[in-house]
Student: 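Sharing a structure with you now.
Model, not experiment: these values are computed from the prediction. Lettering of chains follows the sequences in order, A, B, ..., and the numbering in each one begins at 1.
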Amino acid sequence: MQGVVGGGAGAVSGGGGSSTSDASMSTVSKEDNPVLSSEDSSSCLDESELELGLGLSLGVGVGACKAQQGPRGGQYARILTAKDFPYVGSSTSASVSSSSSSSSSSSSSSLSRANVTAGTKRSADSVAAANGASSQVVGWPPIRAYRMNSLVNQAKLPATEVFNSLIVKSRNSNPAVGKGTSNACVNANEKGQLRSSLFVKVNMDGIPIGRKVDLSSHRCYETLAQKLEDMFATSRSGGEEHDMMVDAITPSKLLDGSSGFVLTYEDKEGDWMLVGDVPWGMFINSVRRLRIMRASEANGLAPRLEESNGGQRNKPI
Amino acid sequence: MQRMACSFPDEVLEHVFSFVQCDNDRNAISTVCKSWYKIERWSRRRVFVGNCYAISPDMVIRRFPDVRSIELKGKPHFADFNLVPDGWGGYVAPWISAMAAAYPWLEEIRLKRMVITDENLELISKSFKNFKVLVLSSCEGFSTDGLAAIAANCRSYLHCRNLRELDLRESEVEDLSGHWLKHFPDDYTSLVSLNIACLGCEVSFSALERLVGRCPNLRTLRLNRAVPLDKLANLLRRAPQLVELGTGAYSSELRPDVFSNLSGAFSGCKELKSLSGFWDVVPGYLPAVYPICCRLTTLNLSYATIQSPDLIKLVGQCQNLQRLWVLDYIEDAGLDAVAASCKDLRELRVFPSDPYGPEPNVPLTEQGLVSISEGCSKLQSVLYFCRQMSNAALMTIARNRPNMTRFRLCIIEPGTPDYLTLQPLDVGFGAIVEHCKDLQRLSLSGLLTDLVFEYIGTYAKKLEMLSVAFAGESDLGLHHVLSGCEKLRKLEIRDCPFGDKALLANAAKLETMRSLWMSSCSVTFGACKLLGQKMPRLNVEVIDERGTPDSRPESCPIDKLYIYRTVAGSRFDMPGFVWTIDEDSAMRLS
């Protein structure tokens with residue numbers, strides 16, 4: 001073990017070989033838009049534009065190889081470092097003192113950077129939603145899920161109501177998030193429900209090891225299906241069967257069952273339902289776990305609405 | 001030549017060794033000479049495996065043929081915060097199968113962050129004739145059906161030794177039904193400790209009442225939220241010998257008869273020292289516990305969403321309190337009251353009631369912690385969530401409490417500087433490590449440069465576990481820690497600009513530690529490969545859900561890295577998103 005880091009602080013930056021972001025480095029992402037992660041960004045196109053509008057640099061998305069460019073050759077726009085928060089003089093935009101609520105727009109932009117640059121996997125609408133909040137970062141603050149769930153499920157206190165109105169106020173006063181905010185996030189806040197995470201188990205027929213997916217980071221079925229595709233595409237169940245499954249699963253195919261697999265969920269009453277029939281909010285409130293089922297086994301699954309409105313569904317079963 | 005070691009017969013040595021329980025001491029004994037090694041290994045009854053992948057079950061069994069108590073830990077600590085993807089590993093199955101064959105007299109199994117299935121539970125219930133203790137801490141993979149198997153088979157007709165302890169501490173259990181409790185036989189009376197607080201479903205209440213009523217040695221009972229308050233009194237009256245109680249939901253319509261019944265029941269529990277539970281608290285029922293407050297040493301109110309005045313009234317009566325867990329609703333004022341009343345306090349944990357809100361929702365600041373550090377001279381262990389901190393406060397705390405051994409501070413917003421000076425909090429944490437010479441565990445937060453790591457490397461000579469997030473500027477930071485902290489065993493890092501250089505330069509250090517976790521840092525796959533090739537006694541696991549790291553340039557940072565020392569070689573149960581590199585420089589997939 002030899003001595004290594006000679007020189008002063010900051011001389012050695014992380015990421016050996018950090019340098020330019022070649023075009024080749026950002027082609028990992030399956031999508032055209034380099035900001036979007038192929039993995040689990042649930043944001044739709046306008047939200048990615050929102051990210052750009054907040055001054056983020058390219059190559060910031062989780063899916064793209066984290067490009068190494070920046071003044072220090074370090075983790076510019078990728079990892080927060082002490083130098084991202086100049087603390088000398090309050091006129092700079094990156095002050096994140098949480099004790100003051102005044103610099104809402106500047107703090108939101110640096111925190112939006114924090115959201116994405118901290119290697120997070122959250123959607124952009126939660127960037128807009130919780131101005132200054134750390135809910136966007138996976139696993140931060142470090143609180144166990146059962147603790148958070150228990151807080152969420154308890155009776156609301158006056159403090160929470162005050163807090164909700166603060167949210168609305170601070171969101172409205174933030175010009176950066178004025179227009180691009182998706183409707184979904186507005187709804188979430190008006191209901192006063194801020195869920196940190198909602199991990200449910202997902203099993204796919206033929207793959208022994210199940211996974212978990214965080215439903216609260218999605219706002220629509222399409223992104224959820226995309227996430228599931230990515231998740232199970234990297235599962236290795238071996239051989240031909242696996243390849244067939246990988247090829248078969250694309251978001252649209254998963255949702256309409258034409259891939260040979262259907263996406264189903266178990267609700268609070270223990271019934272298995274097809275995913276996609278009820279409004280997203282209703283789905284979120286009743287889902288307990290997911291299963292990607294072979295279409296051949298999905299006989300008899302009836303969407304709830306079929307009973308209530310008596311209409312015929314057109315989904316192949 | 002005199003051979004001193006043989007001057008005592010084996011039986012005498014074994015008897016002497018039986019007084020030595022501590023693992024480190026027994027390990028030392030076993031290195032004295034071959035004969036002591038042999039005697040010691042045959043008489044070792046308790047084994048602790050801090051990382052289930054560091055050694056194989058067969059190796060443990062070969063060395064220690066007659067073990068009665070085993071403790072295993074699986075996933076890394078950051079799995080608690082969803083940083084380890086599901087399916088990573090930590091399966092207890094191979095251990096249970098091996099032990100079922102080799103240790104028929106096994107009495108105790110304690111697991112932490114492991115995956116255990118109903119089949120595993122069934123095998124446990126059938127294989128060990130003298131089975132007494134099952135503790136599943138933060139485990140998952142099983143359902144109430146598995147619990148039914150344990151309950152049903154808990155009695156050994158041959159030996160009349162029965163299950164003593166069933167503790168499901170914060171595990172994730174699939175709730176299929178509450179009827180599992182009925183599987184305890186009617187003549188089963190040996191229960192000493194039952195912790196089902198994590199269960200979601202309603203357990204069969206009548207079965208619970210009967211169970212509690214017929215087990216005279218029951219001293220710990222932690223109920224789940226589904227047990228209503230109006231049933232609590234009856235349970236307590238059947239078990240007045242309880243020492244530790246976790247209530248269910250602590251809410252009910254305020255009725256004088258229910259209240260007086262409950263209050264009477266609590267008064268009857270003269271041994272009660274520990275209280276927890278308190279979901280959905282209706283403050284009007286809190287006074288029911290006042291009669292026993294003076295005896296309490298542990299109070300967990302971390303689910304109790306009650307306001308500061310109620311908290312103060314309650315805690316103000318607990319003069320013998322040693323451990324307090326509470327939500328930040330207690331406020332600085334409440335902590336002042338605790339500092340004044342609870343002079344015996346050893347451990348304080350303050351959890352945030354609204355961690356995702358952008359603004360503070362309660363007046364809880366660094367001042368509360370400063371008051372505690374001034375008033376509670378025995379304070380050793382702190383976990384504190386807050387939104388502002390200053391170097392001055394940290395320095396005060398450090399000077400007040402040099403006896404601190406565990407200090408975990410979580411300033412909720414990453415990168416928050418000293419709110420008074422807008423400087424980084426390096427100097428404050430530096431004071432903590434400098435003054436608290438016996439510090440074993442430290443968690444950092446706030447705005448921190450490489451300087452804080454220099455302090456840690458210089459002063460934190462007894463530090464065993466360090467958690468770092470959103471801190472530092474360069475590899476120098478990581479280097480200070482790896483080269484300076486002599487006793488470091490566990491290091492977990494997320495979202496810091498640490499890369500290859502410090503890691504590679506301190507590769508040998510990694511073999512002296514249990515494990516290193518680095519996620520969202522700047523370590524490249526090339527460095528991981530190098531480390532894996534050069535260090536055969538380390539497993540270097542790259543966890544990356546973006547697909548094979550080979551599809552990206554070697555200089556591209558990996559997502560997550562988990563390095564641990566092992567004598568068992570690479571594991572065989574890795575999922576598709578974990579890559580490891582071994583000596584033959586081929587990339588191994590699961």
Student: Return the orientation label for the A:Trp140 and B:Phe470 ring planes: parallel under 30°, perpendicular over 60°, tilted otherwise.
Tutor: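 The rings of A:Trp140 and B:Phe470 stand perpendicular, inter-plane angle above 60°.
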
Student: With distance as the sole test, does B:Arg494 use its side chain to make a donor-acceptor pair with the main-chain N or O of A:Gly139 at under 3.5 Å?
Tutor: yes

Student: Let me know if B:Phe78 has heavy atoms under 4.5 Å from chain A in its side chain, its backbone, both or neither.
Tutor: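 Neither part.
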
Student: Rounded to the nearest 0.5 Å, how far apart are CG of B:Asn82 and CZ of A:Arg144?
Tutor: 9.5 Å

Student: Relative to chain A, which segment of B:Phe453 carries a heavy atom at a distance below 4.5 Å: side chain, backbone, both, or neither?
Tutor: neither

Student: Taking only residues two or more places apart in sequence or in another chain, which ones pass side-chain hydrogen bond (donor to acceptor under 3.5 Å, both in side chains) with B:Asp175?
Tutor: none

Student: Go through the side-chain N and O atoms of A:Ser150 and B:Arg225 and say whether any donor and acceptor fall under 3.5 Å apart.
Tutor: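 Result is no, nothing qualifies.
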
Student: Just to verify, what does A:Glu266 make a salt bridge (Lys or Arg N to Asp or Glu O under 4.0 Å) with, not counting sequence neighbours?
Tutor: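 For A:Glu266, the residues satisfying salt bridge (Lys or Arg N to Asp or Glu O under 4.0 Å) (neighbours in sequence not counted) are A:Arg289.
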
Student: Need one label for B:Glu454: side chain, backbone, both or neither, based on atoms under 4.5 Å from any heavy atom in chain A.
Tutor: neither

Student: For B:Ser138, is it the side chain, the backbone, both, or neither that has a heavy atom closer than 4.5 Å to a heavy atom of chain A?
Tutor: both

